[in-house]
Protein chains: 2
Amino acid sequence: MSLINRDTDYAIRALCFMAKNKKKFISAKELVRDLKIPRPFLRKILQTLNKRRVLRSYKGKSGGFVLVQPPKKIFVMDLVRIFQGGVKLRECIFKKKPCPNIRTCLLSRKLKEIEGKVISQLEVISIASLAGEIK
Amino acid sequence: MSLINRDTDYAIRALCFMAKNKKKFISAKELVRDLKIPRPFLRKILQTLNKRRVLRSYKGKSGGFVLVQPPKKIFVMDLVRIFQGGVKLRECIFKKKPCPNIRTCLLSRKLKEIEGKVISQLEVISIASLAGEIK
DNA sequence: AACAAATGATACCATATTAGTATCATTTGT
DNA sequence: ACAAATGATACTAATATGGTATCATTTGTT
Ligand code: FES
Ligand code: FES
């Protein structure tokens with residue numbers, strides 16, 4: 001029931017590392033060494049981060065990845081959207097969408113409220129705020 | 001990633017039905033008819049609700065289930081604890097517990113805050129508040 | 001006493017999701 | 001030409017979840 005899955009988690013770690021490391025290009029190799037994430041898995045994540053333009057990739061020898069935006073402007077919620085399609089704390093047990101009860105279902109309504117609050121909290125956690133040392 | 005799973009959801013529905021229905025004993029049969037939940041599954045849920053004393057069961061012919069507490073005093077969070085072992089929105093990717101980074105992990109810290117808020121919201125949603133009609 | 005109708009306990013299966021791996025193609029600096 | 005990097009994609013393994021089946025026990029009714 002974790003709020004963030006492994007993809008998101010790994011992505012956050014990778015981005016934090018990049019935020020701290022001022023070097024221009026950072027290769028998957030370096031990230032693997034530092035983060036101890038299985039290499040093919042990390043590469044997959046970096047590829048989608050590239051597609052979604054959170055970072056930019058450069059091929060070829062001495063290529064690698066570069067952040068496109070400053071770490072203050074990358075938020076956990078962005079990554080949750082990319083890797084998990086958003087936060088859905090309420091999945092109706094009746095699979096048929098849309099649920100016929102949705103308008104009268106009080107439980108659904110309450111869970112929706114909670115969901116909204118969670119999302120707005122995730123929207124203000126930036127990579128920059130996670131990259132620092134503990135205070 | 002749903003906050004409540006099917007067991008919890010079905011339990012809520014069953015309890016709401018019982019809250020609305022003033023009859024003394026309510027059998028699994030009636031609940032199945034009304035809620036359209038697979039019978040063996042519902043029975044399993046009722047059994048654990050009995051063990052955890054949310055309701056009380058009576059065997060034998062014309063037996064059934066009775067709420068032990070008033071619906072105002074049964075909260076969604078109680079059911080989440082029973083059927084899901086609580087809310088854990090932060091599962092560290094390093095399975096080894098306890099995680100060596102836990103004290104310095106800023107992400108974990110932030111998610112823990114969110115988790116706390118979610119729990120306190122679930123703690124105030126009562127069965128009574130879900131059993132009523134929509135206003 | 002026998003029976004039927006209810007719950008108790010428990011073991012099992014099926015399906016979906018998630019985590020992780022493997023492979024080959026493409027680009028580019030030296 | 002080659003090595004070192006990423007791109008794309010398909011596959012497998014492990015785990016969690018949802019659901020079923022079976023038999024035992026209790027108890028009111030006849
Ligand atoms: S029953 Fe479908 S949303 Fe509540
Ligand atoms: S790395 Fe284990 S809690 Fe953050």
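Fair warning: this is a prediction, and the values are worked out from it, not measured in the lab. So that the names make sense, note that chain A is the first sequence line, chain B the second, and so on, each numbered from 1.
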(message) Could you check, using the six-membered ring where one of them is a Trp, whether A:Y58 and A:F25 have ring centers closer than 6.0 angstrom?
(response) yes

(request) Name the closest nucleotide to the B:Q47 side chain, picking from C:dA9, D:dT27, D:dA3. (result) C:dA9

(message) Output the rounded distance in Å from CG (B:N50) to P (C:dT7).
(response) 10 Å

(request) Return the value, rounded to whole Å, for the distance between atom NZ of B:K44 and atom P of D:dC23. (result) 18 Å

(request) When you get a sec, tell me which of D:dT29, D:dG18, D:dA5 is the closest nucleotide to the side chain of A:K29? (result) D:dA5

(request) Begin from the C-alpha positions of A:K88 and A:E91 and carry the test salt bridge (charged side-chain N to carboxylate O under 4.0 Å, His left out) through to its verdict. (result) CA-CA 7 Å; A:K88 293 186 217 63; A:E91 280 176 24; 5.9 Å; no

(request) State, without any angle test, whether A:K117 and B:Q121 hold a side-chain donor-acceptor pair at a distance under 3.5 Å. (result) yes

(request) With heavy atoms under 4.0 Å as the rule, sort B:Y10 into base, sugar-phosphate or nothing. (result) sugar-phosphate

(message) Between P on C:dA2 and NZ on B:K61, what's the gap in Å once rounded to a whole number?
(response) 17 Å

(request) Could you state the atom-to-atom distance from CD1 of B:I45 to C1' of D:dG19 in whole Å? (result) 10 Å

(request) Compare the minimum distances between each of D:dG19, D:dT6, C:dT7 and the side chain of A:F65, then state the nucleotide with the smallest one. (result) D:dT6

(request) Could you pick out which residue, B:D7 or A:S62, lies toward the 5' side of DNA chain D when each is mapped onto its nearest nucleotide? (result) A:S62

(message) In this structure, how many angstroms lie between the P atom of C:dT27 and the CZ atom of A:R56, rounded?
(response) 16 Å

(message) Nearest heavy atom decides the nucleotide; on that basis, is A:G63 or A:K51 closer to the 5' end of DNA chain D?
(response) A:G63

(message) Among D:dT20, D:dT6, C:dT7, which nucleotide has an atom closest to any side-chain atom of B:A28?
(response) C:dT7

(request) Round to a whole Å and report the spacing from OH of B:Y58 to C1' of C:dG8. (result) 16 Å

(request) Give A:R39 one of three labels, base, sugar-phosphate or nothing, depending on what nucleic acid heavy atoms sit under 4.0 Å from its own. (result) base

(request) Please figure out whether A:N5 or B:K59 has its closest DNA chain C nucleotide nearer the 5' end. (result) B:K59

(message) Please determine whether residues B:V32 and B:Y10 belong to a single hydrophobic cluster, defined as Ile, Leu, Val, Met, Phe, Trp and Tyr linked transitively by side-chain heavy-atom distances below 4.5 Å.
(response) yes

(message) Suppose we define a pair by two distances each less than 3.5 Å, Watson-Crick or G-U wobble; what does C:dT27 pair with here?
(response) D:dA4

(request) Specify the closest pair of heavy atoms between B:L122 and B:F75, including all atoms of both residues, with the distance to one decimal. (result) O-CB, 4.3 Å

(message) Can you measure A:R6 atom CZ to D:dA14 atom C1' for me and round it to whole angstrom units?
(response) 11 Å

(message) How many whole angstroms separate atom CD1 of A:I37 from atom P of C:dG20?
(response) 10 Å

